[in-house]
Amino acid sequence: MAIQRSNIASNANASGNDASTNGGTSRPPLRSNNQVHAPGHGHGHGHGHGHGHGNPQAQFNPRLILAQIISLQAFHYFLLGVLFQINHVLFATTVTVDRIFTANYLDVWSAVGWVDNAAVLISSVLGSVLLVFIVEKSKKCLDFSVTLFLIHILICSIYGGFPSTWDWWIIHILGMIIMVVLGEYLCSKRELSDIPLLVL
């Protein structure tokens, strides 16, 4: 009995020594699922924060819009002045600001009136080209063209009174339609040209 107890005690001591030896080189425990996915959660949070910059309200820039409106209006009047100078050289018409801001020279029923009518319509065609370089977006052409037309009505009303002739309204509304339609066409054509095509 003494020998058996001695053997059992020896085996117990040997097992304890093996356990302590193996404990020093044991593999670390596996990471839990929450610990593994923690970086992914942080990445998702950062990704969502990045999407905040794509908010349409963040892209609204009133200073840019105001600069575009002023530029478009100024170039429109500049082109009208150049066209009236050309009419002066070709048709010996007088050069006066009244031709821009009053309805005294617009007449759809006379050949003389169509000299100024043509200048207004040509300026609308050139205005559609301005939309391509100043506005650049086809979906904004209507807004900027109508804004230009309304500002022109306001300036005309301040300068010489509210336009009250059918000739003035017919020519300017026709010019605005030309500017919108042609401007949207040119802007959309430029937008499509900027899209890269797949080469098969």
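Predicted, not measured: the structure shown is a model, and the values here were computed from it.
- Residues forming a side chain to side chain donor-acceptor pair (under 3.5 Å) with His76 (at least two apart in sequence, or on another chain): none.
- Within the 4.5 Å cutoff, side-chain heavy atoms of Met179 are placed close to those of Leu72.
- Taking the side chain as every heavy atom from C-beta outward, Ile65 and Phe60 approach each other to under 4.5 Å.
- Side-chain atoms of Ser71 do not come within 3.5 Å of backbone N or O of Gln68 as any donor-acceptor pair.
- Pairs passing the salt bridge (Lys or Arg N to Asp or Glu O under 4.0 Å) check and including a residue from residues 180-191, sequence neighbours excluded, do not occur.
- Leu186 places none of its side-chain heavy atoms less than 4.5 Å from the side chain of Leu131.
- Under the 3.5 Å distance criterion, the side-chain polar atoms of His88 are left unmatched by any main-chain donor or acceptor of Thr94.
- Counting only residues at least two apart or on different chains, the salt bridge (Lys or Arg N to Asp or Glu O under 4.0 Å) pairs with a member in residues 115-129 are Arg99-Asp116.
- In this pair, Trp168 and His172 present their aromatic rings parallel. The plane angle is below 30°, not in the 30 to 60° band.
- Listed by first and then second residue, the salt bridge (Lys or Arg N to Asp or Glu O under 4.0 Å) pairs involving residues 151-162 amount to none (not counting sequence neighbours).
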Inset, instruction - Apply side-chain contact (heavy atoms from CB on, under 4.5 Å) to Trp109 and Asp167, showing your working. - result: CA-CA 9 Å; Trp109 307 109; Asp167 304 86; 3.8 Å; yes
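- For Asn87, there are no side chain to side chain donor-acceptor pair (under 3.5 Å) partners, not counting sequence neighbours.
- Listed by first and then second residue, the ring pair (Phe, Tyr, Trp, His ring centres under 6.0 Å) pairs involving residues 110-148 amount to none (not counting sequence neighbours).
- With side-chain heavy atoms closer than 4.5 Å counting as contact, directly or through intermediates, the hydrophobic cluster containing Leu66 also holds Ile70.
- Ser110 meets the side chain to side chain donor-acceptor pair (under 3.5 Å) test with Asp107; sequence neighbours excluded.
- Evaluation of the side chain to side chain donor-acceptor pair (under 3.5 Å) rule for Tyr159 yields Asp98 as partners, not counting sequence neighbours.
- Listed by chain and number, the residues in a side-chain contact (heavy atoms from CB on, under 4.5 Å) with Val146 are Leu142, Leu150, Met176 (sequence neighbours excluded).
- Sorted pairs that involve residues 143-163 and meet salt bridge (Lys or Arg N to Asp or Glu O under 4.0 Å), not counting sequence neighbours, are lacking altogether.
- A distance of 10.0 Å separates CG in Leu182 from OG in Ser124, rounded to the nearest 0.5 Å.
- Between Trp169 atom CH2 and Leu174 atom CG the span is 14.5 Å, to the nearest 0.5 Å.
- In the hydrophobic clustering (ILVMFWY side chains linked at under 4.5 Å, chained through shared members), Tyr105 stands by itself.
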